[in-house]
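Taking it in order: structure first as structure tokens, then the write-up.
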Amino acid sequence: MLWSKLFIPTLRENPAEAEVASHQLLLRAGYIRQLAAGIYNYLFLAQRSLLKIQNIVRQEMDAIGGQEMLLPGLNPAEVWQESGRWDVMGDNLFRLKDRFGRDLCLGMTHEEVMTVIARGELRSYKQLPQIWYQIQTKFRDEPRPKSGLLRVRQFIMKDSYTFDMDQAGLDVAYDKHYKAYCRIFERCGLEYTVVEAHSGAMGGSQSHEFMVESDAGEDFIAICKDCGYSANLEKAVSVPSPPGAKDPEGDLAPEEFHTPGRKTIADISAFTGLPETSQMKSLVLVADGKPVLVLLRGDHQLSETKFGSISGDPEFRQARPDEIVEWFGAEAGSLGPVGVKNMPVYADQALVGRCNMIAGANKSDYHLRHVTLGKDFQAEIRELRQVNEGDACTNCGKPLVIRKTVEIGHIFKLGYKYSESMGLRVLAADGKEVTPIMGSYGIGIERILAAAIELYHDKDGMILPAAIAPFQVVVTPANFNDAAQAEAARTIYEGCRKLGLDVLLDDRDERPGVKFKDADLIGIPFRIVIGKKLAGGSVELVDRKTRQSTDVPVADVARAVAERLN
RNA sequence: CGGGCCGUGGCGCAGCCUGGCUAGCGCGCUUGCUUGGGGUGCAAGAGGUCCCGAGUUCAAAUCUCGGCGGCCCGACCA
């Protein structure tokens with residue numbers, strides 16, 4: 001295509017509203033323009049890149065036997081009411097009414113609609129397994145859209161759904177998706193990590209997320225570089241670091257001591273001269289309207305996700321000060337487990353094997369020393385803490401590292417939640433009714449582009465992997481008004497087209513500097529520069545990533561690009 | 001939903017505190033000349049509901065109140 005005919009509105013300066021690199025570059029390079037918060041116009045270059053990503057996804061989904069469909073974005077309330085998610089989704093679900101006052105919503109995911117199709121049509125085990133997918137627009141009324149395309153209210157998702165007769169079938173479908181996702185992200189040129197993910201309130205089914213490391217991300221993952229263990233921080237487990245000081249020995253009884261005005265773990269640590277690891281942190285939480293006491297080692301943080309699944313109430317909250325006084329007879333800062341009878345007590349694994357620790361006395365401005373789990377109080381032992389950087393890996397004992405990431409894909413063993421609640425049944429070979437087991441699997445299309453930009457850019461612009469760049473090569477005559485250069489440019493451009501390359505000819509009447517800057521900004525992997533060396537019969541082939549320039553004879557340059565792309 | 005910042009030609013900003021001529025600057029855009037290997041130089045132009053509404057005032061981009069919109073932090077994010 002000819003650049004002079006295209007709409008590629010590049011900007012010299014970063015728009016003030018953009019903060020993360022991918023957002024700035026997508027705007028500057030003329031890929032996108034904002035329409036409203038979390039709603040973007042995808043202009044020519046973005047659409048080209050997104051279509052390439054979608055085609056890679058499509059090919060790999062087809063390769064595992066996926067069948068592409070297209071479901072409506074506009075959904076009647078009834079199907080969401082059937083699964084119970086009309087209420088569960090809360091404000092994140094865009095809701096509207098039609099002219100007759102009927103409730104509708106904009107689909108944020110399509111388990112329900114897919115299950116409706118399956119329920120209406122699948123009758124026999126002979127029809128299973130099925131892999132159904134679509135590449136379609138999703139709507140989510142995010143409380144806070146941010147970071148350009150990384151968190152938006154309308155986006156394109158590849159979502160697939162599998163239906164199998166049994167767990168073994170689901171395992172196969174899941175594995176197929178796992179491998180297909182790896183191929184997709186590899187082909188898109190991304191460096192990514194697969195992590196174990198939190199399986200949600202739906203039960204103990206398996207889940208993995210595909211993550212790209214980036215400071216612009218919102219998820220933290222823990223990884224062991226040694227044995228390869230990796231998990232979302234919400235789910236990660238570790239061997240806690242050893243306590244900073246040995247516990248006092250002996251069968252000691254709890255002993256009260258005065259701690260006026262010392263409320264925090266750090267205060268008590270400074271006051272006693274003992275490290276934070278010698279204390280028990282007491283948190284009072286309210287789950288399902290009832291109080292729960294949670295105990296952690298002083299230096300540990302509660303994993304809200306872990307507590308949410310243990311308590312069965314992901315919406316749990318912290319207790320209010322007045323509730324704490326009512327239940328404990330003391331203020332926060334002096335709370336502890338000894339003598340607590342009116343609520344369940346959970347203790348984190350890291351407190352097992354410890355003795356004679358420090359905890360609040362349930363009397364304002366007093367603490368207890370010599371408190372021992374199992375002797376001075378009873379608690380249910382659970383995995384409640386969040387992994388700290390440097391904790392030992394439970395597999396191999398090497399230290400874990402924590403990284404900030406963007407989630408680009410998520411695969412999930414759903415189990416029977418939708419097939420059961422929505423009444424999907426088929427007849428098995430023995431003539432009995434069976435409820436199929438389901439899986440669901442998602443890829444955020446725009447996030448692949450945004451994550452690639454986050455990973456691969458420099459001060460001059462994007463450095464896109466060739467597979468997802470809007471063009472593979474740009475032909476840049478230094479001076480298009482020079483007849484010889486213009487002719488060579490056209491020849492090379494046609495040569496590239498004959499080889500099937502996605503080529504852009506920069507035929508604009510601009511200064512060479514402008515053309516170089518624009519080519520760098522929009523991130524085309526290769527540039528063929530036609531200039532002074534044309535007299536000697538050669539042009540320059542420049543690699544956007546390495547900036548290396550090679551002189552190549554005019555007649556060979558198209559082929560040289562094609563070879564480098566392989 | 002809580003906290004902070006912001007809204008002035010397409011973009012980046014100044015002006016606002018201390019109200020007052022035709023609302024400025026840089027970039028971009030148009031035309032002409034010039035230049036031609038990393039956002040040339042010169043000249044002449046076009047382009048504005050100063051987010052919206054109400055109020056105060058002789059007078060509002062500027063002060064007051066209300067609203068809308070955007071960004072960031074937090075909460076939230078099957």
Side-chain angles (χ1 to χ4, degrees), chain A residues 7 9-20 23-24 27-28 30 33-40 80 83-93 107-112 138 140-148 150-153 155 157 159 197-203 205 207 209 216-219 232 234 304-305 308-309 314-318 406-407 410 412 414-415 417-418 421 438 440-442 444 459-461 476-482 485-486 506 508-521 527-534 539-540 542 547 549:
Chain A
F7 178 56
T10 59
L11 304 173
R12 295 196 179 208
E13 290 172 288
N14 275 326
E17 77 230 29
E19 222 157 80
V20 305
H23 190 197
Q24 292 179 339
L27 288 167
R28 270 195 66 200
R33 288 292 183 262
Q34 186 181 47
L35 185 61
I39 304 177
Y40 287 88
W80 288 78
S83 71
R85 292 210 289 187
W86 179 260
D87 297 319
V88 172
M89 288 306 191
D91 289 338
N92 265 31
L93 188 62
M108 54 195 295
T109 173
H110 279 75
E111 281 82 4
E112 281 83 357
K138 299 286 185 265
R140 297 186 182 183
D141 195 357
E142 292 285 344
R144 185 147 93 83
K146 56 180 286 206
S147 307
L150 285 174
R151 183 163 219 82
V152 288
R153 297 197 290 173
F155 61 99
M157 182 187 244
D159 47 324
H198 178 62
S199 48
M202 302 179 192
S205 26
S207 170
E209 289 168 328
E218 299 178 284
D219 286 297
N232 193 302
E234 294 179 340
E304 299 185 2
T305 314
S309 9
E315 310 266 288
F316 74 91
R317 61 176 174 86
Q318 298 202 336
V406 172
E407 177 190 343
H410 196 167
F412 200 96
L414 280 178
K417 180 181 166 75
Y418 300 93
S421 65
M438 292 173 60
S440 84
Y441 318 84
K459 65 173 172 51
D460 292 317
T476 308
N479 180 2
F480 200 70
N481 293 325
D482 179 301
Q485 284 188 25
D506 194 348
R508 295 176 296 170
D509 180 19
E510 288 287 354
R511 309 256 319 163
V514 173
K515 291 190 269 197
F516 295 152
K517 289 282 186 192
D518 274 345
D520 286 352
L521 182 60
R527 189 174 78 215
I528 298 168
V529 182
I530 298 154
K532 293 172 186 141
K533 290 169 185 163
L534 184 61
V539 294
E540 292 155 53
V542 183
R547 302 240 180 232
S549 169

Check your understanding: Roughly how far, to the nearest 0.5 Å, is the CG atom of A:L27 from the OH atom of A:Y40?
Key -> 6.5 Å
N/O-N/O pairs, protein side and nucleotides 66-71 of chain B side, under 3.5 Å:
{"unit_1": "B:G70", "atom_1": "OP1", "unit_2": "A:A37", "atom_2": "N", "d": "2.8"}
{"unit_1": "B:G70", "atom_1": "O3'", "unit_2": "A:Q34", "atom_2": "NE2", "d": "3.4"}
{"unit_1": "B:C71", "atom_1": "OP1", "unit_2": "A:Q34", "atom_2": "NE2", "d": "2.9"}

Using atom [atom1] of [X] as one end and atom [atom2] of [N] as the other, report the distance to the nearest whole Å.
{"X": "A:K517", "N": "B:C27", "atom1": "NZ", "atom2": "P", "answer": "17 Å"}
{"X": "A:D506", "N": "B:G38", "atom1": "CG", "atom2": "P", "answer": "15 Å"}
{"X": "A:N92", "N": "B:C76", "atom1": "CG", "atom2": "P", "answer": "12 Å"}
{"X": "A:D509", "N": "B:U31", "atom1": "CG", "atom2": "C1'", "answer": "14 Å"}
{"X": "A:N481", "N": "B:U34", "atom1": "CG", "atom2": "P", "answer": "12 Å"}
{"X": "A:K515", "N": "B:G38", "atom1": "NZ", "atom2": "P", "answer": "12 Å"}
{"X": "A:L93", "N": "B:A78", "atom1": "CG", "atom2": "C1'", "answer": "11 Å"}
{"X": "A:R508", "N": "B:C29", "atom1": "CZ", "atom2": "C1'", "answer": "15 Å"}

Could you tell me which residues satisfy side-chain hydrogen bond (donor to acceptor under 3.5 Å, both in side chains) with [X], sequence neighbours excluded, listed by chain and number?
{"X": "A:R151", "answer": "A:E142, A:E218"}
{"X": "A:D520", "answer": "A:R527, A:R547"}
{"X": "A:D87", "answer": "none"}
{"X": "A:E234", "answer": "none"}

For [N], does the base pair up with any side-chain atom of [X] as donor and acceptor (N or O, under 3.5 Å, distance only)?
{"X": "A:R28", "N": "B:G28", "result": "no"}
{"X": "A:D518", "N": "B:G39", "result": "yes"}
{"X": "A:D520", "N": "B:G38", "result": "yes"}
{"X": "A:E13", "N": "B:G10", "result": "no"}
{"X": "A:E510", "N": "B:G36", "result": "no"}

Can you name the residues that form a side chain to side chain contact (heavy atoms under 4.5 Å, CB included) with [X], not counting sequence neighbours?
{"X": "A:A216", "result": "A:V20, A:L150, A:S214, A:E454"}
{"X": "A:D91", "result": "none"}
{"X": "A:K138", "result": "A:H110, A:Q134, A:Q136, A:F155, A:M157, A:D159"}

Review point. With rounding to whole Å, what would you report as the distance between B:G66 and B:U56 at their C1' atoms?
Key: 15 Å
Check your understanding: Using atom C1' of each nucleotide, how far apart are B:G48 and B:C25 to the nearest Å?
Key -> 15 Å
My understanding is that a pair needs two contacts under 3.5 Å, Watson-Crick or G-U wobble. By that rule, which nucleotide pairs with [N]?
{"N": "B:G74", "value": "B:C1"}
{"N": "B:U62", "value": "none"}
{"N": "B:U22", "value": "none"}
{"N": "B:G69", "value": "B:C6"}
{"N": "B:G45", "value": "B:C29"}

Check your understanding: For A:P143, which contact category applies under a 4.0 Å heavy-atom criterion: base, sugar-phosphate, or nothing?
Key -> base
Review point. Is A:R28 reaching over with its side chain to a backbone N or O of A:L11, donor-acceptor style, under 3.5 angstrom?
Key: yes
Revision key, fill the gap. Given protein heavy atoms under 4.0 Å, the one-letter contact record of nucleotides 40-50 of chain B, with B base, S sugar-phosphate only and - none, is simply B----------
Review point. Is a salt bridge present between A:K417 and A:E111, judged by a nitrogen-to-oxygen distance below 4.0 Å?
Key: no
